[in-house]
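Report on the following structure.
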Amino acid sequence: MELALWSQLTPAWQTTIIHLLKISGVIGVMLGVVAYTVLLERWVCAWIQDRIGPNRVGPFGLLQPLADGLKFIFKEDILPAHVYKIFFTLAPLLSMIPALLTVAVIPFGSNLMGVPSVIADLNIGILFIFAVSSLGVYGIVLAGWSSNSKYPFLGGIRSSAQMISYEVCMGLSVVTVFMQTGTLNLMEVVHYQGQNGWLILYQPLSFFLFLVSAFAETNRLPFDFPEAEQELVGGYHTEYSSMKFAMFFLAEYANMFVASAVLTTLYFGGWSLPFAPFNQPAQTLWVGLAHIGVFLAKVIAFLFFFIWVRWTLPRFRYDQLMSLGWKIFLPLTLVNVLLTAVVLAIKEYM
Amino acid sequence: MIVSRPKLSFWEKSYLPQIFSGLWLTLKHIPQKKVTLQYPEQRPKLLGKYRGAPTLVKNPFNEVKCVSCQLCEFICPPKAIRITPGHRNPASTDANVEKEPQEFVIDMLRCIYCGLCEEVCPEEAIILQKHYALTAYQRSDLSLPKQKLLEMGGIHNDTIRKWKTK
């Protein structure tokens with residue numbers, strides 16, 4: 001009976017409903033994973049330091065994210081007297097929204113009953129991600145400037161210095177991926193990997209360069225200069241409290257999620273595994289769900305890696321990141337592009 | 001002083017070996033035994049010489065050992081002890097003692113846990129035991145009266161009966 005009702009709807013309504021379902025599902029799962037990444041961060045940190053970690057709220061501390069959220073909501077929202085109020089309020093939104101927007105083009109599975117598991121199947125998927133995710137830095141720079149206080153200001157300056165150093169080689173490092181696959185559409189990149197094996201096998205250097213840039217992009221140690229709690233007292237979010245601070249906090253972890261998802265999609269085969277039925281688009285509902293599970297498992301593995309690196313490495317100086325980005329990574333990415341072009345040309349004419 | 005700078009190979013200069021060994025080190029710590037003591041459920045193991053809160057003890061016949069000589073009151077550096085001497089009940093089994101404290105108050109907010117009271121006591125009547133978590137809702141609640149101190153102290157099983165014959 002429900003199916004009969006469904007077929008009575010016009011195609012426009014059907015598309016709208018499917019998209020709304022997809023959007024709410026993706027955002028819900030993403031925010032859930034993000035909330036639990038915060039818990040995972042505290043656990044991994046504790047384990048590495050031979051401690052137990054949060055284990056009081058609920059069984060094994062599993063309800064900790066709820067308690068954290070409740071705390072943030074009930075904290076007083078302090079607006080310091082000396083800030084530029086409009087930009088101060090705008091900044092957390094500016095850093096949160098790009099992080100949520102970028103998941104739109106990431107294929108989180110193959111398909112569910114014929115519906116592709118991606119919100120927007122754009123032909124310029126990766127360009128969209130670069131375009132939107134680099135907007136996130138404006139949130140940080142605005143926060144640093146509008147706080148009208150010295151430490152946030154230094155954090156904002158560092159953030160802009162950081163952005164110009166990694167963005168170029170981040171963009172160039174993925175060029176080889178698209179040279180090899182011949183498409184910018186992320187769905188097709190994953191299909192290619194399902195057929196031919198994961199791209200990390202073909203492009204290890206590109207993967208490494210993109211990974212390091214992703215650490216800079218997400219403001220994670222060893223490149224967390226805008227925050228640098230030891231030197232800058234929290235950096236750009238020093239003056240923030242309550243939900244405004246929580247937005248920055250969520251944005252950082254949401255950016256980690258997005259970076260993990262992009263790394264998974266580009267280099268680790270997205271939803272695919274190198275054996276049937278995981279190497280081709282799903283025919284049944286259950287395989288479709290299994291594909292989503294595979295994708296999430298890979299993303300969570302990357303999130304663990306991000307956390308693991310954070311609790312291992314010390315922070316670079318920001319001139320070190322700039323010289324790393326400009327003097328080492330930029331030439332390396334160019335050489336990589338050239339090498340890939342040569343290899344592809346040889347293959348073409350063989 | 002001259003710091004010798006070792007000549008690094010290209011591989012070492014790339015910083016990567018340090019990153020990998022660091023990652024391996026932190027990974028090894030993840031399954032290791034944890035050092036956390038989950039406090040209210042698990043308690044720390046206190047050594048024999050631990051100096052907790054001073055307490056009053058009783059002898060094996062359930063009588064107060066303190067003879068109200070006030071030496072501890074004199075020696076107490078922060079003046080945390082206050083004693084009001086009184087007479088011992090002549091009908092009690094060791095009436096030879098003659099005196100016992102009518103009131104004996106230790107202000108635990110002043111006490112510095114130095115143990116001088118225990119050291120100076122000729123009767124071994126005040127002993128620092130293992131109470132380390134004294135909490136209260138009011139400051140006045142931490143001025144422990146005689147009854148509370150005796151309760152915390154318990155019975156001290158010594159064999160010396162010096163007041164048996166006077």
Side-chain angles (χ1 to χ4, degrees), chain A residues 39-61 64 204-205 207-209 211-216 220-223 300-317 319-325 327-329 331-332 335, chain B residues 1-53 108-109 113 129-139 141-142 152:
Chain A
L39 179 63
L40 186 72
E41 169 111 55
R42 293 177 60 187
W43 268 343
V44 172
C45 153
W47 295 336
I48 283 174
Q49 296 169 353
D50 289 343
R51 297 182 288 111
I52 293 175
N55 66 348
R56 294 286 143 159
V57 191
F60 307 105
Q64 187 70 42
L205 183 62
F207 166 71
F208 177 74
L209 296 169
L211 181 70
V212 177
S213 308
F215 275 99
R220 293 287 295 182
L221 269 169
F223 304 123
I300 289 166
F302 261 113
L303 286 173
F304 174 80
F305 180 72
F306 271 83
I307 295 168
W308 177 24
V309 167
R310 172 174 178 187
W311 295 103
T312 302
L313 297 181
R315 184 178 304 122
F316 280 66
R317 280 199 319 266
D319 62 300
Q320 284 173 330
L321 172 66
M322 291 176 88
S323 69
L324 193 72
K327 290 186 191 159
I328 299 171
F329 283 177
L332 271 179
V335 167
Chain B
M1 189 180 134
I2 297 169
V3 179
S4 64
R5 302 213 177 264
K7 196 142 173 53
L8 299 177
S9 66
F10 177 74
W11 176 235
E12 282 168 333
K13 268 189 215 161
S14 76
Y15 195 57
L16 289 173
Q18 293 303 312
I19 290 179
F20 292 135
S21 67
L23 284 173
W24 174 237
L25 183 77
T26 45
L27 192 65
K28 272 196 300 189
H29 272 270
I30 288 180
Q32 259 174 32
K33 193 174 176 294
K34 305 303 173 202
V35 294
T36 308
L37 186 82
Q38 305 205 49
Y39 171 64
E41 292 95 30
Q42 296 172 337
R43 294 293 174 135
K45 215 176 188 173
L46 302 176
L47 297 180
K49 283 286 180 183
Y50 188 84
R51 294 205 306 256
M108 290 314 303
L109 292 173
Y113 302 86
Q129 296 192 37
K130 296 190 175 168
H131 305 89
Y132 57 86
L134 294 167
T135 48
Y137 287 106
Q138 285 170 358
R139 284 166 165 260
D141 290 350
L142 281 173
M152 280 160 65

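Naming: A, B, ... by sequence-line order, numbering from 1 per chain.
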Under a 4.5 Å heavy-atom cut-off, does chain B meet the side chain of A/Leu313, its backbone, both or neither?
side chain

Heavy-atom proximity to chain A below 4.5 Å, by part of B/Leu27:
both

The interface call for B/Leu16 against chain A, heavy-atom contacts under 4.5 Å, is side chain

Report the donor-acceptor contacts between chain B and chain A below 3.5 Å as a table, one pair per row.
| residue | atom | partner | partner atom | Å |
| --- | --- | --- | --- | --- |
| B/Leu23 | O | A/Trp308 | NE1 | 3.2 |
| B/Thr26 | OG1 | A/Trp308 | NE1 | 3.0 |
| B/Thr26 | OG1 | A/Thr312 | OG1 | 2.8 |
| B/His29 | ND1 | A/Asp50 | OD1 | 3.2 |
| B/His29 | ND1 | A/Asp50 | OD2 | 3.3 |
| B/Lys34 | NZ | A/Trp47 | O | 3.0 |
| B/Val35 | N | A/Asp50 | O | 2.9 |
| B/Thr36 | OG1 | A/Ile52 | N | 3.1 |
| B/Gln38 | OE1 | A/Asn55 | ND2 | 3.0 |
| B/Gln38 | OE1 | A/Arg56 | NH2 | 2.8 |
| B/Glu41 | OE1 | A/Arg56 | NH1 | 3.4 |
| B/Glu41 | OE1 | A/Arg56 | NH2 | 3.2 |
| B/Glu41 | OE2 | A/Arg56 | NH1 | 3.3 |

Does atom OH of B/Tyr113 have more than 12 heavy-atom neighbours from other groups under 6.0 Å away?
yes

